[in-house]
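What follows is a single structure, written as structure tokens, with notes after it.
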Amino acid sequence: MAAIYKKEVRSYFTSMIGCVFVAFALVIIGLYFFANNLYGGYPYFGYSLSATVVVFLILIPILTMKSMADDRRQRTDQMLLTAPISTWQIIFSKYLAMITVFMVPVCIIMLYPLIMAAYGTISYSMAYASIFGFALMGFMCIAAGMFISSITESQVIAAVLTFLILFISYMAEAIAELIPTTASVSMIAFMILVAAAALLVYYMTQSQLLGGIVGVAGIVIIAVMYMVDSSAFQGAFGNLISSLSLTAHFYNFCSGLIDIPGIVYYLSIAFLFLFLADQAVEKRRWC
């Protein structure tokens, strides 16, 4: 496991992906830091971090696109899959390598509040809470990118799909406002979501029976719930979409709060994506 981790970290910096990621991240954050906090005199570092989120929606896919897809393309994944370690150890080693690259600029920007303090009075709790939330949000985004990379051998497709997923999550609250709040619309949307989940189960397991059970059981349960109490579906799908917002919890951290639901949200979603990536790789091991 340690050997895979060291190899991955080395590959990110020898292939320049890691250097480019760190450089662009520091340049973008540095520009907002200078414009807002140093030149503009704004005392809240979280404001500058929140302004860089859109840029990181592009940088994170670049970091994660080769994590698993490159091994599939070069057929070097067969060497990993035949190694005497579990697929989870492979996934987690590669994930930790990307976290290490991501934490390089994060550790550097931890100095920025100290620079701000030299020119005025700031709230350290707000500044470092925002950095903590930014790191957690990055952990989740990297896990999402790793899962997408594990289901394709094209780095370009992995990067594009990861960007789309992160962008939709970023726009979740705006999308939720466009969804009708009627109960029937929510019911139909949930059924479509269950059908998509059934297709995912089929893709991950190659079992038509298991995929069919998930789809039929889910649709039946939703239909029964709708007949029993249709009012419970009023605006429910919009609320679900809104709860998946990438930045809602991050903004709580920027305001100086240690958002426990936010910590649980980011870490649980990251674990879910890592689990799905593990299942995708495990399927190839036995195919």
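For the numbers below, each heavy atom of this structure counts, side chains included, while hydrogens, waters and symmetry mates do not. These numbers were taken from a predicted model, which means no experiment stands behind them.
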Query raised in the report: After noting the C-alpha distance and the side-chain angles of Y170 and V54, does the key distance pass the side chain to side chain contact (heavy atoms under 4.5 Å, CB included) rule?
Result: CA-CA 8 Å; Y170 175 75; V54 176; 3.3 Å; yes

Query raised in the report: Can you say whether the rings of F132 and F253 are parallel (under 30°), tilted (30 to 60°) or perpendicular (over 60°)?
Result: perpendicular

**Report entry** With M137, the side-chain contact (heavy atoms from CB on, under 4.5 Å) member among I60, I142, L166, V53
**Finding:** V53

Report summary line: Scanning both residues in full, the closest heavy-atom pair of S245 with A248 reads OG-N, 3.3 Å

Report task. Check whether any side-chain heavy atom of L63 lies under 4.5 Å from a side-chain heavy atom of V101, and answer yes or no. Result -> yes

Query raised in the report: Would a 4.5 Å heavy-atom cut-off, applied to side chains only, mark T152 and L161 as touching?
Result: no

**Report entry** Spatial distance of atom CE (M191) from atom OG (S186) [nearest 0.5 Å]
**Finding:** 12.0 Å

Query raised in the report: If two hydrophobic side chains count as joined below 4.5 Å and joins carry through other members, does F190 share a cluster with M225?
Result: yes

Report summary line: To the nearest 0.5 Å, atom CZ of F275 lies from atom OG of S268 at 14.0 Å

Query - Heavy-atom pair of closest approach, residues V22 and P105 - result: CG2-CD, 4.0 Å

Query - Centroid-centroid distance, F134 to F56, less than 6.0 Å - result: yes

Query - ILVMFWY network linking L96 to V9, side-chain heavy atoms under 4.5 angstrom - result: yes

Query raised in the report: Only one of L272, L246, L267 forms a side-chain contact (heavy atoms from CB on, under 4.5 Å) with M140, so which one is it?
Result: L246

Query raised in the report: I131 and P113: which non-hydrogen atoms are nearest, and at how many Å?
Result: CD1-CG, 4.2 Å

Query - pair T247-S50: side-chain heavy atoms closer than 4.5 Å - result: no

Requested in this report: Would you please classify the geometry between the F45 ring and the Y112 ring as parallel, tilted or perpendicular, with 30° and 60° separating the classes?
Outcome: perpendicular

Requested in this report: Using the side-chain contact (heavy atoms from CB on, under 4.5 Å) rule, pick out the option among Y266, Y95, F271 that qualifies with F139.
Outcome: Y95

**Report entry** side chain to side chain contact (heavy atoms under 4.5 Å, CB included) between I29 and I108, worked out
**Finding:** CA-CA 11 Å; I29 296 176; I108 293 175; over 6 Å; no

Requested in this report: Please report the closest heavy-atom contact between A135 and V106, naming both atoms and the distance.
Outcome: CB-CG1, 4.4 Å

Query raised in the report: Are I188 and M227 connected, step by step, through hydrophobic side chains (Ile, Leu, Val, Met, Phe, Trp, Tyr) whose heavy atoms are closer than 4.5 Å?
Result: no

Requested in this report: Would you confirm whether S255, through its side chain, and N252, through its main-chain N or O, come within 3.5 Å as a donor-acceptor pair?
Outcome: yes

Query - S150 side, atom OG; D278 side, atom CG - distance, nearest 0.5 Å - result: 9.5 Å

Requested in this report: Report yes or no: do L26 and L111 belong to one cluster of Ile/Leu/Val/Met/Phe/Trp/Tyr joined by side chain heavy-atom distances under 4.5 Å?
Outcome: yes

Query raised in the report: Can you find a heavy atom in the side chain of L31 that is under 4.5 Å from one in the side chain of T52?
Result: no

Report summary line: For A198 and V214 the tightest heavy-atom approach is CA-CG1, 4.2 Å

**Report entry** Donor-acceptor contact present, side-chain S149 to main-chain M146, <3.5 Å
**Finding:** no

Query raised in the report: In terms of hydrophobic clusters joined by side-chain contacts under 4.5 Å, are V20 and F13 together?
Result: yes

Query - Distance (rounded to the nearest 0.5 Å) between K66 NZ and E8 CD - result: 5.5 Å

Query raised in the report: Is the backbone of A158 close enough, under 3.5 Å, to the side chain of T162 for a donor and an acceptor to pair up by distance?
Result: yes

Query raised in the report: Is there side-chain contact between W88 and L274, with heavy atoms separated by less than 4.5 Å?
Result: yes

Report task. Kindly determine whether I62 and F24 satisfy side chain to side chain contact (heavy atoms under 4.5 Å, CB included), including the steps that lead there. Result -> CA-CA 11 Å; I62 294 175; F24 268 92; over 6 Å; no

Query raised in the report: Between F163 and P61, which heavy-atom pair has the shortest distance, and what is it?
Result: N-CG, 3.8 Å

**Report entry** Within 6.0 angstrom of Y44 OH, more than 12 heavy atoms from elsewhere
**Finding:** no

Query raised in the report: Does the side chain of S243 reach to within under 4.5 Å of the side chain of L240, using non-hydrogen atoms?
Result: yes

Query raised in the report: Does the S242 side chain pair with the main chain of G238, one donor and one acceptor, at a distance under 3.5 Å?
Result: no

Report summary line: d(I241 CD1, E173 CD) to nearest 0.5 Å is 12.0 Å

Query raised in the report: Does Y32 reach the side chain of Y47, with side-chain heavy atoms less than 4.5 Å apart?
Result: no

Requested in this report: Consider only side-chain N and O atoms of T100 and Y5, and report whether a donor and an acceptor are under 3.5 Å apart.
Outcome: yes

Query - Residue pair T182, F233: steps toward the side chain to side chain contact (heavy atoms under 4.5 Å, CB included) verdict - result: CA-CA 8 Å; T182 59; F233 286 80; over 6 Å; no

Query raised in the report: Quick one: does S230's side chain have a donor or acceptor within less than 3.5 Å of a partner on S184's backbone?
Result: no

Query - Heavy-atom check, side chain of Y265 versus side chain of L244, under 4.5 Å - result: yes

Report task. Any chance you could measure T64, atom OG1, to F147, atom CZ, to the nearest 0.5 Å? Result -> 12.5 Å

